[in-house]
Amino acid sequence: MTRNRNRLTDEKSPYLQQHADNPVHWNPWDDEAFEEARERDVPVFLSVGYSACHWCHVMEDESFEDEETAEVLNENFVPVKVDREERPDVDSIYQKVCQMSTGRGGWPLSVFLTPDGRPFYVGTYYPDEPRRGMPSFVEVLESIAEAWEEKRDELEERADDWTRRVESADSPDASTRASQEPDDDLVVTAADAVVDDADRTHGGFGSGQKFPHPLRVDVLLRAYERTDMNVFLDVAQETADAWVRGGLHDHVGGGFHRYCVDQDWTVPHFEKMLYDNAEIPRALLDVYRVTGDERYADAARRTFEFLEREMRSPEGAFYSTLDAQSVREETGEREEGAFYVWTSEEARSVFEDEEDAELFVERYGVTEAGNFEGSNVLTVSKTVEELAEERDETVEETREAVERVREEAREAREERPRPPRDEKVLASWNGMTVSALASGGVVLDERYTRMAEDALSFVRETLWDDENERLSRRYKDGEVKVDGYLDDYAFVARGALDTFGATSKPEHLGFALELGHAVVDEFYDDGTLYYTPESGEDLVTRPRETTDTSTPASAGVAIDLLVALSSFDDAFEEPARKAVQAHVGEAERRPVGHESTVLAVDRHTNPLEVVPAEEHEAWREALGSTYAPGALVAPRPPTDEELDGWKEKLGLSDASVPVWDGREARDDGTGYVCRCFTCSPPVRPDALDDWLNRLRP
């Protein structure tokens with residue numbers, strides 16, 4: 001007997017709430033759903049998506065809200081709905097199955113499972129009517145229901161085969177382990193591979209849809225610093241220019257959309273993800289430190305302002321996403337990009353002064369025809385310098401005018417219906433944001449450091465169980481839920497470590513050390529780093545995450561973290577070394593897609609440490625204007641007596657702390673620069689750049 005209810009009503013996830021009124025009898029991912037499948041002896045239909053997913057909305061409108069489709073689904077299956085942002089472990093496993101069997105993946109992910117969770121049929125979006133060679137969703141449902149009754153053995157065999165394949169994909173491969181220390185030029189080899197994949201005409205990488213890939217810019221800049229080969233800097237700048245010039249960038253409100261659907265970076269997929277608005281500005285700040293070009297600093301600054309204005313909770317944490325769709329006032333219908341695009345008439349009507357209107361449309365390329373369904377996605381059509389020459393003004397006068405009209409347009413846009421916001425707080429994405437803001441505090445303005453500390457404090461006070469030293473993943477409306485995954489621990493720990501470097505407050509380092517020990521306890525096994533905790537839920541396989549996607553791979557960031565923490569506590573030294581050995585093979589074979597591991601290995605083979613012992617503010621200013629690639633910034637008190645107090649608070653009283661020991665402040669210098677285990681004498685902050693050059697590998 002089909003159980004007549006939709007069980008998503010009490011779920012806090014905005015994505016699950018979107019489906020709580022569907023006629024489909026949705027279940028969350030839990031034991032009760034699979035028990036029902038066993039009792040009824042029917043398959044589980046698993047649908048995975050997220051709140052800002054365009055095609056997820058389409059499939060809901062076409063199929064999940066349709067009474068007849070829901071009847072077929074309810075009668076023959078146990079429907080389970082999963083928010084991939086809350087349960088990335090579930091998504092990871094079945095995305096691998098989808099990619100193995102179909103050659104592609106994405107959302108919505110549609111998977112049919114046996115009652116014990118083994119997959120036997122998988123796809124993504126299915127239309128409500130047959131279209132472009134795709135069957136309708138109802139046809140798929142009816143076909144699988146019939147096969148379950150008449151060809152059960154075949155489906156069970158396929159489920160066994162697919163489960164073995166995904167288990168194999170997630171199992172450590174002994175052949176990837178390094179038998180000796182990795183090559184110290186891996187970052188240069190990786191940068192060569194990144195250049196090979198670069199689009200030298202439009203910027204970015206590949207020849208189709210354009211995703212930002214900030215980690216590739218990190219690799220390029222680090223290789224440029226190592227070799228002085230201009231091609232690495234050129235490709236990094238071409239990519240950063242594409243980000244800040246094209247439609248990926250919200251020129252009016254700040255921040256970045258998820259990706260562009262075209263090769264030349266004009267039309268974005270309009271959703272805004274917290275992780276993009278952390279990783280992109282962090283990379284832009286490094287491009288700024290290398291080049292001194294204020295455009296990159298301006299884009300990062302406006303992104304932080306966007307985060308503060310539109311994504312920050314009252315408690316100081318950051319929400320997850322803004323939807324791509326919003327209501328267009330003229331039609332009352334939800335449309336993609338409605339909040340962000342401008343017709344020529346809309347753009348000109350904002351300004352009372354005709355000259356201001358002309359400046360706006362000239363700057364951002366607004367035309368009558370438009371570049372997106374009759375409207376305009378704003379892009380930088382003319383530089384400030386070009387406009388200044390046309391207006392017979394100084395560059396500074398024109399820059400001030402451009403900023404004035406941009407802000408006036410932003411205020412006018414605020415009157416439009418806003419895109420829905422997913423207000424769950426995720427530990428991992430907040431960790432990335434903390435790192436970016438900590439960097440912004442060093443490079444741009446100290447207030448961003450305070451924002452980083454506020455978000456980090458929220459995670460520590462709300463999601464961290466101090467007694468059991470365990471982290472939860474999600475907070476929403478007062479509810480803490482889901483055991484943390486490797487990305488939660490690794491990204492928050494990296495954020496805490498970066499905040500320590502920006503503030504010189506040892507409590508942030510203490511939190512990073514606690515999280516690091518939890519990583520070793522729960523996710524590490526003889527060098528292999530798993531995505532799910534050892535004490536977590538049993539799934540059909542225990543997934544690993546080693547490939548960089550829209551976010552850095554959790555394994556790569558965790559390796560980098562362990563290597564960095566080994567400078568403070570030698571308990572991390574062996575786990576760090578073994579983790580490098582266990583994962584470097586994948587990065588050596590396929591550096592594009594494993595940039596986070598490449599960068600972690602580079603920290604291991606070419607460590608760079610900056611140790612301010614006094615004049616911390618002056619050292620921060622020096623670091624804000626100097627590119628110190630991958631530097632571990634490890635401030636300490638000026639005297640060993642004060643350092644002993646720090647070590648006691650951190651539980652390191654009886655330990656040697658390599659990064660600090662013997663590096664007290666002296667009359668002739670207040671800090672140290674160390675690279676590849678060679679250190680400067682005590683130096684002043686204004687000598688930082690000189691010593692970075694002297695100690696280059």
Side-chain angles (χ1 to χ4, degrees), residues 172-200 203-207 211-240 279 282-283 286-287 290 527 529 544-549 551-564 576-608 627-632 675-678 692-693 695-697:
D173 183 352
S175 67
T176 67
R177 289 180 178 266
S179 59
Q180 55 189 12
E181 280 293 294
D183 292 338
D184 61 6
D185 62 351
L186 176 59
V187 74
V188 178
T189 303
D192 284 330
V194 169
V195 168
D196 287 343
D197 192 46
D199 180 345
R200 302 303 306 275
F205 309 98
S207 58
F211 286 82
H213 297 300
L215 287 174
R216 298 184 188 180
V217 171
D218 292 344
V219 168
L220 290 165
L221 293 180
R222 202 171 295 193
Y224 170 70
E225 190 268 350
R226 193 77 44 82
T227 65
D228 284 329
M229 290 178 62
N230 287 332
V231 65
F232 296 144
L233 179 58
D234 290 345
V235 172
Q237 272 200 272
E238 288 162 8
T239 301
E279 288 292 287
R282 183 195 50 73
D286 276 345
V287 181
V290 172
L529 286 157
R544 296 188 303 132
E545 186 186 70
T546 60
T547 302
D548 302 311
T549 54
T551 58
S554 56
V557 176
I559 297 166
D560 190 64
L561 172 72
L562 296 176
V563 174
R577 177 180 56 81
K578 285 189 172 182
V580 168
Q581 290 178 332
H583 294 82
V584 68
E586 289 178 284
E588 288 173 335
R589 287 201 308 268
R590 292 186 294 124
V592 176
H594 291 86
E595 292 88 0
S596 61
T597 302
V598 168
L599 296 169
V601 172
D602 193 57
R603 185 191 292 278
H604 174 73
T605 57
N606 295 287
L608 172 61
Y627 178 59
L632 174 63
R675 196 165 200 171
C676 299
F677 310 105
T678 300
L692 288 172
N693 286 320
L695 296 174
R696 276 206 308 181

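Position 1 is the first residue of the sequence, and the numbers go up from there. Values reported hereafter were calculated over all heavy atoms of this structure, with side chains retained and with hydrogens, waters and symmetry mates removed.
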Can you confirm whether V187 sits close enough to N606 that some side-chain heavy atom of one is under 4.5 Å from a side-chain heavy atom of the other? no
Note: E279 and P552 closest approach over all heavy atoms is OE1-CG, 3.5 Å
Scanning both residues in full, the closest heavy-atom pair of H594 with A587 reads CB-CA, 3.9 Å
I'd like to check F232 versus V219 (side-chain heavy atoms, cut-off strictly below 4.5 Å). Are they in contact? no
Could you point out which residue of L215, V592, T597, V557 forms a side-chain contact (heavy atoms from CB on, under 4.5 Å) with D548? L215
Give, for atom OG1 of T547 and atom CZ of R590, the distance between the pair rounded to the nearest 0.5 Å. 5.5 Å
Rounded distance [0.5 Å steps], CD in E225 versus CG in L220: 13.5 Å
For A564, does its backbone N or O pair with a side-chain atom of R603 as donor and acceptor, under 3.5 Å? no
Rounded to the nearest 0.5 Å, how far apart are CZ of R200 and CG of D234? 6.0 Å
Value rounded to 0.5 Å, distance of CD in Q237 from CG in L221: 9.0 Å
If every non-hydrogen atom of A600 is compared with every non-hydrogen atom of V563, which pair is closest and at what distance? O-CG2, 4.5 Å
Shortest non-hydrogen contact from P182 toward T605: O-CG2, 3.8 Å
To the nearest 0.5 Å, tell me how far E545 CD sits from T551 OG1. 5.5 Å
Taking the side chain as every heavy atom from C-beta outward, state whether S596 and D560 have any pair of such atoms under 4.5 Å apart. no
Do the side chains of V188 and T227 get nearer than 4.5 Å, heavy atoms only? yes
Give, for atom CD of E595 and atom CG of D602, the distance between the pair rounded to the nearest 0.5 Å. 13.0 Å
Residues V584, I559; criterion side chain to side chain contact (heavy atoms under 4.5 Å, CB included); working and verdict: CA-CA 10 Å; V584 68; I559 297 166; over 6 Å; no
Which atoms form the tightest heavy-atom contact between T239 and G204, and what is the distance? OG1-N, 3.4 Å
Heavy atoms only: give me the nearest V601-V580 pair and the separation to one decimal. CG2-CG1, 4.1 Å
Is R222 paired with D286 through a side-chain N to carboxylate O contact shorter than 4.0 Å? no
Can you spot which of V195, D197, V235 makes a side-chain contact (heavy atoms from CB on, under 4.5 Å) with R216? D197
